[in-house]
Protein chains: 2
Amino acid sequence: MNNSKPVRPELRERVMKVVEETGFQPNAVARSLVNKETRIIGVMIPDISNNFYSNLIYGIDSVISEYDYSLFLAISDEVVEKELKFLRLFKEKQLDGVIMASIHFLEGHFQQLQEIQVPLVVTGHDLPGYNIPTVNINNVQASYDATAYLIAQGHQKIACISGPLWDPPCGLDRLGGYRKAMRAHGLDIHDGFMQEGEFTAKSGYEAMRKIWEESIRPTAVFVATDLMAVGVLNFLHDQGVRVPEDVSVMGFDDLEMASLTRPMLSTVHNDPYMYGRAAAEQILKQLRNEPVERMSIVPHDLVIRQSVCVIGK
Amino acid sequence: MNNSKPVRPELRERVMKVVEETGFQPNAVARSLVNKETRIIGVMIPDISNNFYSNLIYGIDSVISEYDYSLFLAISDEVVEKELKFLRLFKEKQLDGVIMASIHFLEGHFQQLQEIQVPLVVTGHDLPGYNIPTVNINNVQASYDATAYLIAQGHQKIACISGPLWDPPCGLDRLGGYRKAMRAHGLDIHDGFMQEGEFTAKSGYEAMRKIWEESIRPTAVFVATDLMAVGVLNFLHDQGVRVPEDVSVMGFDDLEMASLTRPMLSTVHNDPYMYGRAAAEQILKQLRNEPVERMSIVPHDLVIRQSVCVIGK
DNA sequence: ATGAAAGCGCTAACAA
DNA sequence: TTGTTAGCGCTTTCAT
């Protein structure tokens with residue numbers, strides 16, 4: 001008996017003794033079948049080897065484990081069929097809720113979601129027009145702030161290495177914030193100062209090479225992800241260009257490695273752990289039938305280290 | 001019907017139509033209850049934000065997902081009570097198998113394991129004297145090889161920053177390999193040349209400071225983890241000491257960041273992804289009642305980059 | 001306060 | 001080949 005009813009102490013003891021003797025172990029599967037509750041949350045991410053997602057998971061786990069929920073992990077590798085398959089699997093396994101991180105939504109996803117009817121929170125993407133709770137940073141604003149900071153340090157010739165354009169958050173939004181800031185301050189963007197990277201350090205390295213081959217050279221670069229920024233730092237290092245004296249570099253994400261580079265990288269603090277916590281809280285609210293916010297914005301801030309310097313007029 | 005019996009096509013179609021119409025979704029919980037199989041593997045790790053473990057998970061997932069198993073994740077934070085709790089939970093949830101990574105085993109663990117009787121594989125620790133399948137690198141041999149490599153480059157005054165001594169793999173074993181190599185080559189170890197770090201970059205930084213304050217200075221340092229090695233690199237950088245010209249540095253783990261530092265870190269390649277794959281294969285073997293190896297050693301190799309140089313006599 | 005019985009959704013064994 | 005039934009281990013309801 002799980003304290004669901006009053007029991008005479010005598011009987012209780014007798015039961016406990018038998019439990020001890022027979023080595024009784026409760027079976028959560030049977031319990032789930034009748035309770036219609038597994039106390040398991042499904043989490044779908046594109047890539048576990050990416051530190052961002054592992055910290056997201058850490059955040060999620062840190063709150064759900066408080067409430068005796070556990071974590072079922074699905075790694076989609078960005079393969080649409082797997083994503084759809086996992087969604088079905090989540091339903092079959094009767095998971096109580098689902099958190100999807102940075103999944104590129106297509107028509108099929110919405111359809112599948114419609115069918116399975118499971119409490120859901122999406123993080124890393126905005127879903128304008130859909131009634132699905134999301135948790136995200138304001139990428140446009142954060143990039144705007146980063147660029148504006150560069151401008152405030154006196155920079156005018158500022159380049160930008162964005163994520164791939166098919167990725168709304170790192171491609172579109174972060175590039176958008178940069179452009180918006182440049183425009184707002186009446187600054188021109190030189191042709192070739194906007195390069196598209198592909199998330200890897202190597203792609204940052206190459207993108208910076210392209211920028212460096214332009215007729216005009218920037219005095220500062222805003223890079224949409226830290227990993228690419230490390231590539232930029234390395235390119236500059238290999239060229240014998242000093243950072244920040246010759247070129248300032250501003251990253252985005254504040255990965256662990258951002259404070260381990262020399263010079264240490266100034267960047268936008270983007271806290272996947274907090275995303276995870278926020279997403280988990282939204283899911284838990286749904287499970288308790290409490291009202292949930294349609295979109296939660298997690299705050300960002302600039303972390304100023306060594307890779308940006310003030311420039312004279 | 002799941003193709004378990006021959007069915008007349010006509011009936012099959014009729015059933016399929018109803019399935020379509022009613023939007024039938026199978027319930028894996030009920031199925032698990034009767035089949036006594038959940039097709040879920042539990043994975044227990046101390047820390048998900050550590051890139052090592054996320055890649056381990058990636059490796060595990062890459063093989064189990066092939067066989068339609070999924071992943072239940074338990075993050076223990078190195079808290080013994082949580083570890084024990086998760087073990088019980090694994091049993092309650094009737095997971096088909098369990099992989100435990102780098103869990104420091106105590107008496108209670110073996111006892112709990114005894115009670116729950118679940119297919120198990122342990123990785124990251126050797127369990128001499130217990131009949132539990134393990135998957136691990138040969139830490140002693142790998143450290144020996146790394147140190148021997150330093151010696152082969154002409155170094156004789158070699159320091160070592162090990163992991164904490166309470167951690168057998170990174171503390172005892174890796175330090176042991178270093179000492180063994182020094183002894184085998186008839187080299188003395190100066191007092192104060194063996195420092196104990198605590199896994200973090202900062203602790204590597206501090207450990208290197210202590211070594212640097214010794215009366216004699218080493219020409220090379222073997223650091224038991226890359227993260228600490230980055231701390232060492234940074235200390236040396238901050239002191240204006242050139243690597244590798246003044247001091248050579250050898251790491252261990254081959255984290256992603258090892259190839260992103262300047263100079264790029266020479267290190268021992270330690271592939272958590274392969275650990276994961278190997279561990280998963282051992283678990284799968286158990287589930288198929290195939291014989292399993294008592295301990296599988298995953299091979300290591302030296303990756304030579306820029307942080308070690310040849311030294312003259 | 002305690003015991004007995006029904007039923008969660010499925011599969012396997014049986015009968016038709 | 002098809003339909004029926006028992007039972008997996010639990011919780012809940014209903015008698016006792």
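The chains referred to below are lettered A, B, ... by the order of the sequence lines, with proteins before strands, and numbering in each begins at 1.
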Return the value, rounded to whole Å, for the distance between atom [atom1] of [X] and atom [atom2] of [N].
X       : N      : atom1 : atom2 : result
B:Asn35 : C:dA13 : CG    : C1'   : 14 Å
A:Glu92 : C:dG9  : CD    : C1'   : 13 Å
B:Arg31 : C:dG9  : CZ    : C1'   : 10 Å
A:Arg14 : C:dT2  : CZ    : P     : 8 Å
A:Gln94 : D:dC10 : CD    : C1'   : 16 Å

Closest to side chain of B:Val34, choosing from C:dA12, D:dT2, C:dG9
C:dG9
Starting from the 5' end of DNA chain D, give me the residue, B:Glu10 or A:Ala28, whose nearest nucleotide shows up first.
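Result: B:Glu10.
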On DNA chain D, nearest-nucleotide positions of B:Leu33 versus B:Pro9: which is more 5'?
B:Pro9
So does B:Arg8 get a side-chain nitrogen or oxygen closer than 4.0 Å to the phosphate oxygens (OP1/OP2) of D:dT2?
yes
So, is A:Lys36 close to the D:dT11 phosphate, meaning a side-chain N or O under 4.0 Å from OP1 or OP2?
no
Angle between the end axes of the helix from C:dA1-D:dT16 to C:dC14-D:dG3, five pairs per end, to the nearest 10 degrees?
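Computed from the C1' atoms at both ends, the axes differ by 50°.
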Would A:Tyr273 and A:Tyr58 count as a ring pair (Phe, Tyr, Trp, His ring centres under 6.0 Å) here? Give the steps.
CA-CA 6 Å; A:Tyr273 180 82; A:Tyr58 192 33; 5.3 Å; yes
Has the side chain of A:Arg174 got a donor or acceptor atom that lies under 3.5 Å from a matching backbone atom of A:Asn139?
no
Closer than 3.5 angstrom, by distance alone: can the side chain of A:Arg288 be matched with the main-chain N or O of A:Ile283 as a donor-acceptor pair?
no
Parallel, tilted or perpendicular: rings of A:Tyr130 and A:Phe110 (30°, 60°)
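Geometry flag for A:Tyr130 against A:Phe110: parallel rings.
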How are the rings of A:Phe105 and A:His109 set relative to one another: parallel (under 30°), tilted (30 to 60°) or perpendicular (over 60°)?
tilted
Between A:Arg294 and A:Thr134, does the side chain to side chain contact (heavy atoms under 4.5 Å, CB included) criterion hold? Intermediate values first, please.
CA-CA 6 Å; A:Arg294 168 59 186 86; A:Thr134 58; 3.8 Å; yes
